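Here is the naming used below: chain letters follow the sequence lines, and residue numbers restart at 1 for every chain. Model, not experiment: these values are computed from the prediction.
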2 protein chains.
Amino acid sequence: MGTDEKKVAESVAWRPGGAVKHAEQALMAEKSRVLRPFGLTVPQYAAMYALSLAPGISGAKLARLCSVTPQSMATVIKTLESRGLVERRPSSDHAQVLVTRLSRAGQALLRKADAEAVAVERRLVDAFTPDEIALLRELLERAVVVLTDGGHDDDASF
Amino acid sequence: MGTDEKKVAESVAWRPGGAVKHAEQALMAEKSRVLRPFGLTVPQYAAMYALSLAPGISGAKLARLCSVTPQSMATVIKTLESRGLVERRPSSDHAQVLVTRLSRAGQALLRKADAEAVAVERRLVDAFTPDEIALLRELLERAVVVLTDGGHDDDASF
DNA sequence: AGGCGTACATCAGGGCTTTGATAGTTCGGG
DNA sequence: CCCGAACTATCAAAGCCCTGATGTACGCCT
């Protein structure tokens with residue numbers, strides 16, 4: 001019973017941010033679990049999913065879709081490419097950009113992995129009423145606005 | 001305008017998990033921002049905060065409090081120790097465990113950093129009514145339960 | 001006392017993520 | 001026509017985080 005672990009845990013957890021973090025962790029853990037058999041990480045799956053909706057997109061745009069930095073996406077793409085799940089080739093009209101698309105193997109793998117990933121989200125949705133889901137989304141979106149827009153007043157004058 | 005970016009973004013974002021992830025990202029980004037002047041990352045701050053509530057705790061327990069693996073906590077502690085913000089010494093009664101506590105410099109830094117970190121959470125809380133906060137917490141906690149408990153039915157027979 | 005289960009610390013390896021900096025490309029306005 | 005702004009890709013360095021695997025110390029139970 002060193003140091004009243006119970007009490008400390010409460011002190012740490014009361015913050016609303018803790019709840020958000022906890023939920024995100026649980027979501028990531030569960031998705032990782034169902035994706036593991038396919039040898040995919042969550043970011044890898046996310047990239048492939050986005051790629052299935054927007055074939056031939058540039059790495060930078062893909063990064064924006066997945067809400068990560070271009071550097072992060074670059075590492076994800078690199079490992080996917082090394083496994084032959086995606087293919088990159090220089091664009092014909094834009095000498096700079098690398099056109100990225102799922103390989104046949106990638107499409108096949110994604111189809112199977114997506115079923116599992118969707119099932120996780122579905123299990124989540126099914127545990128709530130549609131109203132509750134909408135409410136949750138609305139509250140979270142408001143939180144995002146508060147956190148991003150609010151605060152930093154570093155001369156937003158112009 | 002390659003590939004209907006707008007449309008794709010919607011398809012990616014509709015999943016409830018996306019909202020949670022987005023909120024968590026915004027929270028992390030904002031906390032990172034206010035912590036940067038102190039040279040602290042969010043995990044480092046979290047560890048120091050927990051350490052302030054439970055001085056002399058073991059690394060493993062600290063990891064549990066912060067919801068990370070012992071390995072992750074070990075790396076965090078190592079960098080904190082290299083900056084003289086925490087001190088570790090072998091326990092007297094348990095030859096195995098390393099007792100970790102904040103140094104004086106660590107306490108001083110935490111006091112200042114904590115004010116900023118709390119301000120972020122406070123800004124978040126102030127943007128909602130108490131009822132809304134409670135509701136958000138309740139929904140998120142239910143989501144956690146669904147994600148962790150539900151699902152894996154690998155023979156819970158006994 | 002000896003053995004087993006629990007807990008702690010740590011090494012090794014693979015990935016993700018961020019900030020900062022470099023460099024080539026494209027396009028439009030001066 | 002040239003230059004700068006915007007976009008793209010990439011290198012480098014620092015951290016964080018997880019899985020898996022050791023090795024060791026403790027404590028209880030037989």
Side-chain angles (χ1 to χ4, degrees), chain A residues 1-2 5 21 24-33 35-48 56-83 85 88-100, chain B residues 1-2 5 21 24-33 35-37 39-48 56-83 85-86 88-100:
Chain A
M1 48 76 274
E5 209 158 325
K21 175 178 178 174
E24 160 74 351
Q25 271 187 336
L27 188 61
M28 284 284 283
E30 185 62 7
K31 278 195 180 175
S32 291
R33 199 180 63 79
L35 253 24
R36 200 184 329 280
F38 303 101
L40 291 178
T41 65
V42 174
Q44 284 164 6
Y45 159 74
M48 289 176 72
I57 205 176
S58 77
K61 281 184 182 173
L62 191 54
R64 281 194 292 272
L65 280 178
C66 293
S67 309
V68 299
T69 60
Q71 290 91 327
S72 297
M73 186 50 70
T75 70
V76 172
I77 290 177
K78 216 175 300 179
T79 70
L80 287 177
E81 190 180 16
S82 75
R83 290 190 213 165
L85 296 174
R88 315 183 77 184
R89 27 186 332 177
S91 166
S92 42
D93 44 324
H94 273 302
Q96 180 75 348
V97 319
L98 287 181
V99 165
T100 307
Chain B
M1 46 84 267
E5 211 158 325
K21 174 177 179 176
E24 160 75 350
Q25 271 187 336
L27 188 62
M28 285 284 283
E30 186 61 6
K31 277 195 180 174
S32 292
R33 200 180 64 76
L35 253 26
R36 199 185 332 278
L40 290 178
T41 66
V42 174
Q44 283 164 6
Y45 160 73
M48 289 177 72
I57 204 175
S58 76
K61 282 183 183 175
L62 190 53
R64 281 195 292 272
L65 281 178
C66 294
S67 308
V68 298
T69 59
Q71 292 90 329
S72 297
M73 186 50 68
T75 70
V76 172
I77 290 177
K78 217 176 299 177
T79 70
L80 286 177
E81 190 180 15
S82 75
R83 290 190 212 165
L85 296 174
V86 307
R88 315 184 79 185
R89 28 187 328 180
S91 166
S92 45
D93 44 323
H94 270 305
Q96 181 76 347
V97 319
L98 286 181
V99 165
T100 307

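- Remark: C1' of C:dT18 and CD of B:Glu30 are 16 Å apart, rounded to the nearest angstrom.
- Residues B:Gln44 and B:Arg83 have side chains in contact (heavy-atom distance under 4.5 Å, counting atoms from C-beta outward).
- Side-chain contact between A:Thr41 and A:Thr79: absent, with no pair of heavy atoms (C-beta onward) separated by less than 4.5 Å.
- One atom, CG of A:Leu35, and another, C1' of C:dG14, lie 16 Å apart when rounded to the nearest Å.
- For the side chain to side chain contact (heavy atoms under 4.5 Å, CB included) criterion with B:Thr69, the lone passing option out of B:Ser72, B:Cys66, B:Ser67 is B:Ser72.
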* So A:Val76 and A:Leu62, side-chain contact (heavy atoms from CB on, under 4.5 Å) or not? Walk me through it. -> CA-CA 11 Å; A:Val76 172; A:Leu62 191 54; over 6 Å; no
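- Side chains of B:Ile77 and B:Leu98 form no contact here, defined as non-hydrogen atoms less than 4.5 Å apart.
- The nearest whole Å value for the distance from the NZ atom in A:Lys31 to the C1' atom in C:dG15 is 18 Å.
- With rounding to whole Å, A:Phe38 atom CZ is found 20 Å from C:dG15 atom C1'.
- Between A:Arg64 atom CZ and D:dC7 atom P the separation is 7 Å, expressed in whole Å.
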* Structure fact -> Letter by letter from the 5' end, nucleotides 10-26 of chain D scores (B base, S sugar-phosphate only, - none; protein heavy atoms under 4.0 Å) BB---SSBBBBB-BBSS
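- Taking atom CD1 of B:Ile77 as the reference point, atom P of C:dT10 lies 9 Å away to the nearest angstrom.
- One atom, OH of A:Tyr45, and another, P of C:dG15, lie 20 Å apart when rounded to the nearest Å.
- Considering only heavy atoms from C-beta on, B:Glu30 comes within 4.5 Å of B:Arg33 through its side chain.
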